[in-house]
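Below: one structure, written as structure tokens.
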Amino acid sequence: MASLSEALSAFGAVVVTGGSSGIGKSFINTMGSLRPELEFFNLSRHAPGIKDYKLNLRHFPCDLAQPLQVEAVAAQLEEILNHGQPAGKILLINNSGFGSYGSFPEPNLAHQLGMIDVNMRALVQLTGLLLPALRARGGVVMNIASTAAFQPTPWMATYGATKAFVLHWSLALNEDLRGSGVRALAVCPGPTATNFSKAAGLRDEPPPGSPGETCQQVVMNALHALAAGKSQVVSGWRNKILAAIGARVPKPLATRIAAKVIARYRPLPPKP
């Protein structure tokens, strides 16, 4: 297998959503270090707090829950990418996503619908709008799913369902694109040290024994899968085992087990 630097040498442009923090920001930092010539285009509400002035990074303010904003930014990106600047293949990383903890529809229905918009609709919309440029230049669509995709997730019902969609849609898309010069890769991290837990209303620190990873570990596993030409990767050996079990156990039983596991992430009561 080619080294990561060699694998990235064919790419000229990286479009990433949610690069302002967490896994998305780690993708930018890591790939920028491996291949400084890469040009990055970030779509998120806030600009990444990256102070590496050698990094070729352009930020496009965008609320991915708003279809018109996604369409407008995609048009700007098409104009840049269709003129062959920068030269090379395109890597589209659909990374943005969020969740929530509690019985549906907590915290409220609008939050649940916004989750569907960001986790699913924006991913499909942006991929569809940029696919002509990807076909013209070659490239990869990398979608960040989750180990939540392998079984129903009580207390996080909508989130898990959106990630199941991302996984299955990515695998089907990869087959649709076979022979086109474009492929798709679904990345399935487990619990990761990001702002996700706080935003979702989960406890700040994972329970003892949880298969947690850092953003850097997830990114490196994703890039190794990219270099190997894979269509799916579960990040971390413990997560691989849990995902394999969740995929094979009958769904009603897997749901009961998942309810007990996810309940361990319930926020701790405040100390007196």
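Scope of the values below: all heavy atoms of this structure, side chains included, with no hydrogens, waters or symmetry mates.
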Would a hydrophobic clustering, with Ile, Leu, Val, Met, Phe, Trp and Tyr connected at side-chain separations under 4.5 Å, put Leu81 with Leu131?
yes
What is the distance from atom CG of Asn143 to atom CG of Leu123, rounded to the nearest 0.5 Å?
4.0 Å
Whether Asn95 side chain and Gly18 backbone form a donor-acceptor pair below 3.5 Å
yes
Between Ala227 and Ala7, which heavy-atom pair has the shortest distance, and what is it?
CB-CB, 3.5 Å
Tell me whether Leu177 is reachable from Val124 by hopping between hydrophobic residues (I, L, V, M, F, W, Y) whose side-chain heavy atoms are closer than 4.5 Å.
yes
Straight-line distance of Arg183 CZ to Met142 CE, nearest 0.5 Å
8.5 Å
Using 0.5 Å steps for rounding, measure from the CG atom of Leu129 to the CG atom of Leu134.
11.5 Å
Under a 4.5 Å side-chain heavy-atom rule over Ile, Leu, Val, Met, Phe, Trp and Tyr, are Ile262 and Phe98 clustered together?
yes
Quick check for you: to the nearest 0.5 Å, what is the distance between Glu71 atom CD and Gln76 atom CD?
12.0 Å
Any side-chain donor paired with an acceptor under 3.5 Å for Gln216 and Thr30?
yes
Check for a donor-acceptor pair, side chain of Ser26 on one end and backbone N or O of Gly22 on the other, with a separation under 3.5 Å.
no
When every non-hydrogen atom of Leu185 is compared with those of Leu226, the smallest separation belongs to CD2-N, 3.9 Å
Take Leu223 and Leu34 through the test side chain to side chain contact (heavy atoms under 4.5 Å, CB included) and record every step on the way to the result.
CA-CA 11 Å; Leu223 293 179; Leu34 288 168; 4.0 Å; yes
Measure up the Phe60 and Phe41 rings against each other and bin them: parallel (under 30°), tilted (30 to 60°), perpendicular (over 60°).
tilted
Side-chain heavy atoms of Asn239 within contact of Pro191, under 4.5 Å:
yes
Does atom CH2 of Trp169 have more than 12 heavy-atom neighbours from other groups under 6.0 Å away?
yes
So which atom in Lys251 and which in Pro152 form the shortest heavy-atom distance, rounded to 0.1 Å?
CD-CD, 3.6 Å
About how many Å separate CD of Gln112 and CD1 of Ile116, when rounded to the nearest 0.5 Å?
7.5 Å
Only distances under 3.5 Å count here; give the side-chain donor-acceptor pairs of residues 62-69 to other protein atoms, sequence neighbours excluded, each with its distance to 0.1 Å.
from	atom 1	to	atom 2	distance (Å)
Asp63	OD1	Ala65	N	3.0
Gln69	OE1	Asp63	N	2.8

Within a radius of less than 6.0 Å around NZ of Lys240, do more than 12 heavy atoms belonging to other residues, nucleotides or ligands occur?
yes
Establish whether Val261 and Leu253 are linked, either directly or via other cluster members, by ILVMFWY side-chain heavy-atom contacts under 4.5 Å.
yes
Could you point out which residue of Ile93, Ile90, Leu91 forms a side chain to side chain contact (heavy atoms under 4.5 Å, CB included) with Val140?
Leu91
Sole residue of Val14, Ile144, Asn42 in side chain to side chain contact (heavy atoms under 4.5 Å, CB included) with Phe27:
Ile144
Which heavy atom of Ala145 sits nearest to which heavy atom of Cys188, and what is that distance?
CB-SG, 3.9 Å
What's the spacing between Arg248 CZ and Phe150 CZ if we round to 0.5 Å?
9.5 Å
Shortest non-hydrogen pair, Val118 vs Ala122, comes out as O-CB, 3.7 Å
Using the rule that Ile, Leu, Val, Met, Phe, Trp and Tyr join whenever any side-chain heavy atoms are under 4.5 Å apart, tell me whether Ile28 and Phe11 fall into a single cluster.
yes
How close do His46 and Ser20 get, heavy atom to heavy atom, and via which atoms?
O-CB, 3.1 Å
Would you say the side chain of Gln151 lies within less than 4.5 Å of the side chain of Val249, judging by non-hydrogen atoms?
no
Met31 pairs by side chain to side chain contact (heavy atoms under 4.5 Å, CB included) with which of Leu4, Leu38, Val16?
Leu38
